[in-house]
Structures are given as structure tokens and as C-alpha cells.
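Small disclaimer: the values here were computed from a predicted structure and weren't measured. Letters A, B, ... mirror the listed sequences (proteins, then strands); counts begin at 1.
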Protein chains: 2
Amino acid sequence: MDNRTGHRIVPETAAPRGDRLAERHAAARYGNRPTMKDVAARAGVGLKTVSRVVNGEPGVTADTERRVQEAIEALGFRRNDSARVLRKGRTASIGLVLEDLADPFYGPLSRAVEEVARAHGALLINGSSAEDPDREQELVLALCARRVDGLVVIPAGDDHRYLEPELRVGVATVFVDRPAGQIDADVVLSDNFGGARDGVAHLIAHGHRRIGFIGDMPRIHTAAERLRGYRTAMADAGIPVTDSWTSLGVTDPQRVRRAAEEMLSGPEPVTAIFAGNNRVTVTVVRVLAERSRPVALVGFDDFELADLLQPGVTVVTQDAAQLGRTAAERLFSQLDGALLTPERTELPTRLITRGSGELPPAD
Amino acid sequence: MDNRTGHRIVPETAAPRGDRLAERHAAARYGNRPTMKDVAARAGVGLKTVSRVVNGEPGVTADTERRVQEAIEALGFRRNDSARVLRKGRTASIGLVLEDLADPFYGPLSRAVEEVARAHGALLINGSSAEDPDREQELVLALCARRVDGLVVIPAGDDHRYLEPELRVGVATVFVDRPAGQIDADVVLSDNFGGARDGVAHLIAHGHRRIGFIGDMPRIHTAAERLRGYRTAMADAGIPVTDSWTSLGVTDPQRVRRAAEEMLSGPEPVTAIFAGNNRVTVTVVRVLAERSRPVALVGFDDFELADLLQPGVTVVTQDAAQLGRTAAERLFSQLDGALLTPERTELPTRLITRGSGELPPAD
DNA sequence: CTGAAAGCGCTTACAG
DNA sequence: CTGAAAGCGCTTACAG
């Protein structure tokens, strides 16, 4: 019997699983976690003394401390940080809003932000916007409502005025990968323009003139910058660009495949392709693998195994982890009150030649 | 001249950047975000009326509501969820502790957990344990102190008794990928044993008898199960296993490379390798690419571009997203009070043949 | 339809 | 060395 049904009381260690879980469940429903007040009562001390012990503050005799510790363990007390936060102001947590945690570019970036947060004693709350501006805003504001100390945002939208009340009130904010829209905020970027320009110039240097560009939706800053890099490299070489050589849009395999196949057919097919990001590159590699005539390829973003493909894939690489680390460090500088002026930080890209970008035109 | 120095007041839109930021900074220092009390004062209503409007509760005239809304916008009010949580009990957030967000296996898993959380109106807080049991415990307890409603854990350690007080008090918990140690908790796993056994049997069916196994540290449940699958397949085929054919340990490239090279040299080299996870597989692919004699390979875990390598890499695949989704759904079932008995859920694996696993022994 | 009072579980500021 | 009181910003339970 247990105490509710009036039957025999079974020691907890011997209790059948169902009973223990029912207990657990009841506990959950009534939310009866022990509080400092409970600990104080059990230890026969005041509330403030418990607080001192829990927070390792000085001014408690060894004997008192021991009694409090015993009560803490007996009750299974754990400080409620929600209450603490309410009093102290800071939550020791930061928010990260990105496009998709499952993307191999954002995983390392997120991890890097987490490591910096950890070094500052903060937890990371993250959310994926799925490239949807409304969802980005929803997430950002939910994080603000939780009173995160700061926010790292890889924006999906291009209007961030909804953040103004938060900024005014002191929420530290750093944008990464793409700049904020309509507001003045810190941003850490890769040199998307320069990287793309160099990658395309590399293809031109290897004899190509009909070069295609397949990128993400033009409203995405990185996509627009890389396209600009492509156009600049072509213009610098005095090569006029035909409309059919550029294709921007969602980067799902179907669309990219179609775009690549169109550029590669017709009377004047491209002899080389510049792929605007890792997802595009991978799909283009698949398309090229099905064709007999060699086509040169340079992709923006490095990816695992790029060196093991035949030929190895030449890429313009950016350092996702460094992007995250830099942004997070700036965020904590803001929180320390060190930074007053929003700044734009641009990290360099690097060309890695592996074969695909050095193929001559198959004319 | 601004209001602090006593000089001319410049309208905010025209204020030099530094001044606006100084203001922002001052606001942050004093933490003076508007509260419901401020809104109530400005709108000339009671606190409870503001609460009603903010939470969309009925019983407010259109006119009153409008006045409150105006005050909210004028002040840039945003409800403080920390305070709300303190009163309501639930935080509408769940925690996810995994090994490394940057690992291509965990990214999709994390994203899947996030999607389920989102469908239940909850945010996701995640942390990487870096395969360190102490760090796992630290993270889990920090999440409990924040009073997450539930916890999804990919454990690094093998003793989770530290969670007992939390479980007793009703924190919903689901383990994923590996079971909990020393406590009774829900767990969602892949069929690591069966998957590895089938993969090795596949190599045996293609004529191999000297088959190597390279896996993760044996204290990791998945590594131990996959090794058991390997041994079982070998035993089922009546093939005695030589010690030098199995190598378990950290999966960094250096160690894996050395392990592979040792198995592939000597008087009786292996003719096939079973790689215990995605990181191992990738390194083994590199080692094999440097050798002239073909060696068969089957890897546990699928990875991008496995089909484009020469030969394509045969793998045993598990569904990381499905693992995360299943775990998160079970977590919310627990929170809804539906589940009373901890359960073990095992998801199937699948063999994908692409060439590398069908190579005959090069004897 | 509206609001004053009490309380969630802590920390702060102060007094003994 | 120790503790009672006030308050963080909300919601709950209740009264008008």
C-alpha cells in the first residue's frame, strides 16, 4: 500500500517501477521542488544563510554550512535560476538565430559561438529561421522575452527595425554572415565579394570565357555579393556576360540541376561554373559527374571530401568557426561595456586549388 | 550637445552614432526596461488589465485595449518571460545535450528536436559535452537550474545517478543514441548491433574472411554494440577473429590512420574494413585512396557525397533526424503526462550498397 | 469589465 | 556570523 491508497508502504528502492513514476509524476504536477525556504526550515537557519551557502559567499561557520549542505542533499535542492535572474538582471544566456542547424556551414559556427559563451559562463539558446524572415523575428523576440543577455543573428530578413526597442534598452547584438537591414549594428562577414571575384578570375586565368554562376536568392546578402564578385571579375577581364549564364534562386537540388543543365546545353554552353555555396557545389558536382565533357568548377565554401572527388573540387573557403568566434567575442565585449560604435568586421577568404578549377575549356 | 552635457538637444534620428550608443549603454547598465507597471501607469489602468491585454485574455473593452496597446508601443514594452516562468512553473524550453553540434550526425538530430519543440511552443537550449562526462553533468544541471521543462540527452558518461533528484521532481528526460547509466529512463536508439552485423555479413558474403573493425572508444555504447555486431557476424560465419583486426579508440584522423595502416600491412593483411562511424569512414577512405591494392569498405553512418567517390562507399545508415524527432516526441508525451513507464525504442538501420562493400578480396 | 493584494523563489540592502 | 524585510516582474485568486 502506498500513502495515497492507504495500503502497505513499500520502501522506495523496492517499489515497483509504476509507483515510483506515479510519484514522480505527481511531484511534477504540483511542481513541488524544494526551495531555499524548505532548506532553511530543515537546517534550522535563516533564508539568507542558505543563499550564502548555495552561492559560496563568506561569513558562514563550518558547522552551519555543514547543516545547510545536509539539508540541500536530503531534499535534492537545486537553485532556481529563473528566480535568480529576475533579481539579478542578467540571465547568463545568449541567443543564436541561424538558418538551419543541420547545414554543415552553421554547425561549426554554432559550436564556436557556444565555446565562447561557455568561456563567459553563458548558455546558448538557438533557433533555426529556415530562411523565413517572419520566423527570424518571432525567434529573436522570443529570445528577448527570455531576456537573453545578447543575440547573435544570421538574418533571414532585410528589415530589423523590430529590434530597435531592444537595442535601445541595451540588448547586445551582433549580426553574422549577413548585415542587419535598416538598423545600425555590429556585423561580422566573410569577404564574399572578393572571394567570388578571385574564384572567377581563377577560371578566367585558366582560359575560360563562358563562365556560369549559380547562386542563392538575390535578396540574401551573401548571394548578391558573390554575384557582384562574379560580374566584377568578368568585367575586369573584358568579358561581356550573357543573361543565361547567371541563375539565382533557391538552392534545392532540383532547381540547381535544371540551372546547370541549361547553362551546359544550347549553342554556346558555358565551359566553367562558379557555384555560389556548398549546397550548389554539391549538386553541380553530381550533374558534371553524369557528363562526359569536362567542365571546370569552383565553389564557394569548402566541404568535406572535396579533395577526394575526381577531380578534386577547387573552392573559395571561408572559416565558419572563426566567423562565429569573432561574433561571439564582440558580443561579450559589448556586454562588458567595451564597445560603443557598431563595426563591420570582414574576414578573408582563401582559394584552394584541387583540380576542378584548373581544367582548361573543353572547346 | 545632448541632454547629459547640458548642450543642445539633437533629435534622435539626427544624433551622432556614438551618442545613441552611449544612451543605449546607459539603459543597459541600469536595466531599465519598461514593465507592466510602467505600461499601466502610462495607460492609466491597473496592472492586471495590462496583463490581460498582453496575454490576449478576454474582458477588456476595445477602448481600454487600444490605450494599453499604445502605451506598450510607446514604451517598447516586452513581457519579461523570466518573471512569468517564476509564477507559472513551466519555462516552455527544453534542453539538448549532445556531443558536438559541428558533427554532421548531430546537426540534423538537433534540428529535428528543435522542430518538435517549436510545434509545442518551446525553445531549445543546447550544449555540447565534447564527449566529456563531467561537462555533460555540468550542462545537464545548468539546464535543470534554468528549469527547462525537459531534457534530451546524448550521454557522454555512463553514470547518471546525478539526475535522480531531478527525475524525482518531474523533469522529463529522454536519452538518445546511447542509454542512460545506472538510472531508469526513456531511450531512443538505432539498432547498432544489427546494423554492424549486417554490414560485416555483407563483406563476408562477398568473399572476405580477414575483416578489420575500427571503432570509437569502447566505453561509448554505440561503439561497443557495433563491435559486438562485428564479432557476431564473424562468429556466425565461423571465422576466428585475430586481435590485430580490431582497433577501438578516439576517432581522430591520426589514430584511425595508424590503425588502418597496421591492419593493411604485415603478413596477413585484412582485405576489408568495417568503419565504426562517419569520422572513421572518411579517414579510411583517405588511407585507401593512397593505396593501389583495392580494399573493401563498409562504414556505419551515411555521409554526403559517399555516392560520388570512386568507388561509391557502401554504408549502414541510421536516420539521425528520426532519432531526434522520436526522442522529442516522447519527451513531450512525458510532459503531457501520458507516459509512465520508461521505454527503449530501437530504430532500424539500412544497408546502402554503392561499390566499396562489394569489392572482392584482393588475394 | 476592472484592479488591489498576495506570492512565485530568489537577491539586495540593511540591521543586529 | 546571521536573518527579517523588501523587491525583481509577472500571474493567480479574489473582490468589486
Main-chain N/O of A/A71 paired to A/R42 side chain as donor or acceptor, under 3.5 Å: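 Absent.
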Look at the side chain of A/E65 and the backbone N and O of A/V53, then say whether any donor-acceptor pair between them is shorter than 3.5 Å.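 Here the side-chain-to-backbone pair does not exist.
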Tell me, with the steps shown, if A/E329 and A/R325 meet salt bridge (charged side-chain N to carboxylate O under 4.0 Å, His left out). CA-CA 6 Å; A/E329 268 155 13; A/R325 208 174 299 124; 5.9 Å; no
Any residue in residues 45-63 of chain B with a heavy atom nearer than 4.0 angstrom to DNA chain C? Just list them by number, or reply none.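 DNA chain C contact set from residues 45-63 of chain B: B/V45, B/G46, B/K48, B/T49, B/R52, B/G59, B/V60, B/T61.
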Let me know the distance between [atom1] of [X] and [atom2] of [N], rounded to the nearest Å.
X      : N      : atom1 : atom2 : value
A/R33  : C/dG9  : CZ    : P     : 11 Å
B/L86  : C/dT11 : CG    : C1'   : 12 Å
A/R67  : D/dC1  : CZ    : P     : 15 Å
A/R84  : C/dT12 : CZ    : C1'   : 12 Å
B/R90  : C/dG9  : CZ    : P     : 16 Å
A/I72  : C/dC10 : CD1   : P     : 10 Å
B/R147 : C/dC8  : CZ    : C1'   : 12 Å
B/N80  : D/dG7  : CG    : C1'   : 14 Å

Could you give me the CA-CA distance, side-chain angles and deciding distance for B/R118 and B/E114, then say whether salt bridge (charged side-chain N to carboxylate O under 4.0 Å, His left out) is met? CA-CA 6 Å; B/R118 178 176 153 81; B/E114 183 192 354; over 6 Å; no
Wobble G-U and Watson-Crick pairs count when both distances are under 3.5 Å; given that, what is the 5' to 3' dot-bracket string of DNA chain D, with | for pairing to other strands? |||.||||||||.|||
CZ/A/R79 to CG/B/L141 distance, rounded to the nearest 0.5 angstrom?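 So the gap between those two atoms works out to 12.0 Å.
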Within the structure shown, what part of the strands sits under 4.0 Å from B/T64 by heavy-atom distance: base, sugar-phosphate, or nothing?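 Sugar-phosphate: the residue B/T64, judged by heavy atoms under 4.0 Å, touches backbone atoms but no base.
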Could you tell me whether the phosphate oxygens of C/dT12, OP1 or OP2, come under 4.0 Å of any side-chain nitrogen or oxygen in A/R87?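 Looking at the OP1 and OP2 atoms of C/dT12, neither is under 4.0 Å from any side-chain N or O of A/R87.
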Please examine the side chains of B/R52 and B/T49, heavy atoms only from C-beta on, and report whether any two atoms are closer than 4.5 Å.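 When only atoms from C-beta onward are counted, B/R52 and B/T49 do touch, with a gap below 4.5 Å.
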Just to verify, what does A/F175 make a ring pair (Phe, Tyr, Trp, His ring centres under 6.0 Å) with, not counting sequence neighbours?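 A/F175 satisfies ring pair (Phe, Tyr, Trp, His ring centres under 6.0 Å) with A/H160 only.
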May I ask you to say whether A/R135 pairs ionically with A/E99, meaning some side-chain N is under 4.0 Å from a carboxylate O?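 No, A/R135 and A/E99 are not salt-bridged.
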Do B/D63 and B/R67 pass the salt bridge (charged side-chain N to carboxylate O under 4.0 Å, His left out) test, and can you show the C-alpha distance, the side-chain angles, and the key distance before you say yes or no? CA-CA 6 Å; B/D63 183 60; B/R67 278 190 3 253; 3.6 Å; yes
